[in-house]
Peer 1: 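Okay, handing you the structure first.
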Protein chains: 2
Amino acid sequence: MTDSRIENVIGALALAFADTLQRDAQAKAPEPGPAASAITLIGHVPGLSIERLRRALSLSHSGTVRLVDRLVAEGLAARFSAPDDHRAVALRLTPLGETTCSAILSARQKGLASALAVLNQEELQEFGNLAAKLLRGLVGTEDHAYRICRLCNYTACLDCPVEAELA
Amino acid sequence: MTDSRIENVIGALALAFADTLQRDAQAKAPEPGPAASAITLIGHVPGLSIERLRRALSLSHSGTVRLVDRLVAEGLAARFSAPDDHRAVALRLTPLGETTCSAILSARQKGLASALAVLNQEELQEFGNLAAKLLRGLVGTEDHAYRICRLCNYTACLDCPVEAELA
DNA sequence: TTGATGTATATGCTCCGAGCATATATTTTT
DNA sequence: AAAAATATATGCTCGGAGCATATACATCAA
């Protein structure tokens, strides 16, 4: 295969995977858009501030504040004052939010697993190794890392290559 | 690596690739959102109808009509009556639209190439082969194929695995 | 300590894309 | 020829997103 054809195939695959991933995740979220990512990020990093969430989701200030307003109104998240910085708001999931978060993550995982089912165990390992190598090459700032991992199932991601690259 | 960790890494990589891909493409498009995909799809399939475009972009009827309205108003696309079905509208790019389409595709390709630069030639081939296998497993209907290929550089994609799977 | 600058959050305002319901034209089916 | 299905177009409304601005707190400088 020529390089440009390989790039095409990989780009199309990434789009298709991201499509199903986001569709599956959003189906379990209270609204379409970045809500699903917000929930899993808060679940991943309890005490996360609105500003860090904003950067991870690539939204505006006001958009993020309103998104958090909605999550709080729906009983999924709660605001606390951050202990170290009294300007900041610390976000946490409520028990209902935790339940929603688990539903989002398992839906995401299920869709991925079925898409990967056409590979045998050896191919899956090989593909995973190359993917990890590519992922390490992509990580820039810590904000970017949060963005990349915004829908990750952190309970399943021990020894995360993104974390390893940051350190 | 455990299977669930591999799934995590692949999901994160797909999200990250799709992010940069869409960002690069949208930067060259007249507006954010599905406009970039619409332009490249019309470029790929001259004479495409609004209804097929709608299905490829997963939009509503009215959303698609309004999107096409904007593209026409900006001088990027043109409506023709379809020769075979007088209900349908056939879409084509104007010369300005062709230019925009090329800019979108080359920006996309550039971003992908730089992300893939950490792999050597052998790894790239291996990754491409596995990606093609996964992609073939994902293709469902013809509408779905258009959706998957909505940002593909069709001039570079001879012997497309999606087309092969449909046939 | 005090003052100046930068950072974090909140809110009023407006814009614009997206969907729903509906209308019209054309094709296909009965 | 009538009925049902398909393709497009448009009025209407809703809601998410950004801009501008205000407030609170933190940090740095003198």
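In what follows, chains carry the letters A, B, and so on, assigned in the order in which the sequence lines appear, proteins first and then strands, with residues in each chain numbered from 1. Only this structure's heavy atoms are used, side chains among them; waters, hydrogens and symmetry mates stay out.
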Peer 1: I'd like to check the side-chain hydrogen bond (donor to acceptor under 3.5 Å, both in side chains) partners of Gln121(A); sequence neighbours left out, ordered by chain and number.
Peer 2: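 So Gln121(A) forms a side-chain hydrogen bond (donor to acceptor under 3.5 Å, both in side chains) with Asp3(B).
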
Peer 1: Could you check Leu57(B) against Ser37(B) for side chain to side chain contact (heavy atoms under 4.5 Å, CB included), going step by step and ending with a plain yes or no?
Peer 2: CA-CA 8 Å; Leu57(B) 299 178; Ser37(B) 306; 3.6 Å; yes

Peer 1: Between residues 27-38 of chain A and DNA chain D, which residues have a heavy-atom gap below 4.0 Å?
Peer 2: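 Contacts with DNA chain D under 4.0 Å: Pro34(A).
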
Peer 1: Which of these, Leu71(A), Val65(A), Val72(A), sits in a side-chain contact (heavy atoms from CB on, under 4.5 Å) with Asp69(A)?
Peer 2: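 Exactly one pass, corresponding to Val65(A).
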
Peer 1: Can you tell me the distance, in whole Å, between the CG atom of Leu57(A) and the C1' atom of dG18(D)?
Peer 2: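 For the pair Leu57(A) CG and dG18(D) C1', the rounded distance is 15 Å.
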
Peer 1: Just how far is it from atom NE2 of His144(B) to atom OG of Ser58(B), taken to the nearest 0.5 Å?
Peer 2: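 So the gap between those two atoms works out to 8.5 Å.
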
Peer 1: Got a second to check how far Leu124(B)'s CG is from Leu116(B)'s CG, nearest 0.5 Å?
Peer 2: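 These two atoms lie 6.0 Å from each other.
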
Peer 1: Please enumerate all residues that pass side-chain hydrogen bond (donor to acceptor under 3.5 Å, both in side chains) together with Asp143(A), with sequence neighbours excluded.
Peer 2: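 Applying side-chain hydrogen bond (donor to acceptor under 3.5 Å, both in side chains) to Asp143(A) gives Arg55(A).
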
Peer 1: Name the pairs: protein N/O against N/O of nucleotides 3-7 of chain D, kept only if under 3.5 Å.
Peer 2:
unit_1, atom_1, unit_2, atom_2, d
dT6(D), O4', Arg87(B), NH1, 3.4
dT6(D), O2, Arg87(B), NH1, 2.8

Peer 1: Is the shortest side-chain N to carboxylate O distance from Arg108(B) to Glu7(A) below 4.0 Å?
Peer 2: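 No.
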
Peer 1: May I ask you to list the residues of residues 63-80 of chain B, by number, that have any heavy atom positioned under 4.0 Å from an atom of DNA chain C?
Peer 2: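 Arg66(B), Arg70(B), in order of number.
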
Peer 1: Quick check: closest heavy atoms across Leu138(A) and Ala115(B), and the distance to 0.1 Å?
Peer 2: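 Leu138(A) and Ala115(B) have their closest heavy atoms at CD2-CB, 3.9 Å.
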
Peer 1: Taking the axis from the first five pairs and the axis from the last five, what angle separates them in the helix from dT1(C)-dA30(D) to dT30(C)-dA1(D), rounded to 10 degrees?
Peer 2: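 So the angle between the two local helix axes works out to 30°.
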
Peer 1: Within a radius of less than 6.0 Å around NZ of Lys28(B), do more than 12 heavy atoms belonging to other residues, nucleotides or ligands occur?
Peer 2: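 For Lys28(B), atom NZ is not crowded (no more than 12 foreign heavy atoms under 6.0 Å).
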
Peer 1: Donor-acceptor pairs under 3.5 angstrom involving side-chain atoms of residues 160-167 of chain B: please list them, not counting sequence neighbours.
Peer 2:
none

Peer 1: Could you tell me from which nucleotide to which nucleotide of DNA chain C, 5' to 3', there is an atom under 4.0 Å from chain A heavy atoms?
Peer 2: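 Here the contact window of chain A covers dG6(C) to dC13(C).
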
Peer 1: Nearest 0.5 Å please: distance from the CG atom of Leu151(B) over to the CD1 atom of Ile104(B).
Peer 2: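 Rounded to the nearest 0.5 Å, the CG-CD1 separation comes to 7.5 Å.
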
Peer 1: About how many Å separate SG of Cys101(A) and OH of Tyr154(A), when rounded to the nearest 0.5 Å?
Peer 2: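 Separation between the atoms: 4.0 Å.
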
Peer 1: Holding to salt bridge (Lys or Arg N to Asp or Glu O under 4.0 Å), I want the full list of residues that pass it with Lys110(B), two or more places apart in sequence or in another chain.
Peer 2: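 Scan of Lys110(B) (salt bridge (Lys or Arg N to Asp or Glu O under 4.0 Å), adjacent residues dropped) gives none.
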
Peer 1: How many angstroms lie between OG in Ser60(A) and CG in Leu67(A), if you round to the nearest 0.5 Å?
Peer 2: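 So the OG of Ser60(A) and the CG of Leu67(A) are separated by 10.5 Å.
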
Peer 1: Taking only residues two or more places apart in sequence or in another chain, which ones pass side-chain hydrogen bond (donor to acceptor under 3.5 Å, both in side chains) with Arg136(B)?
Peer 2: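 Arg136(B) satisfies side-chain hydrogen bond (donor to acceptor under 3.5 Å, both in side chains) with no residue once adjacent residues are dropped.
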
Peer 1: Among residues 39-47 of chain B, which contact DNA chain D at a heavy-atom distance under 4.0 Å?
Peer 2: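 Here the set is empty: none.
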
Peer 1: With sequence neighbours excluded, give me every side chain to side chain donor-acceptor pair (under 3.5 Å) pair touching residues 16-25 of chain A.
Peer 2: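 Passing the test, one end in residues 16-25 of chain A: Asp19(A)-Arg147(B), Asp19(A)-Arg150(B).
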
Peer 1: Just checking, Arg92(A) and Phe80(A): is the charged tip under 6.0 Å from the six-membered ring centre and within 45° of the axis?
Peer 2: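 Checked: cation-pi criterion met.
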
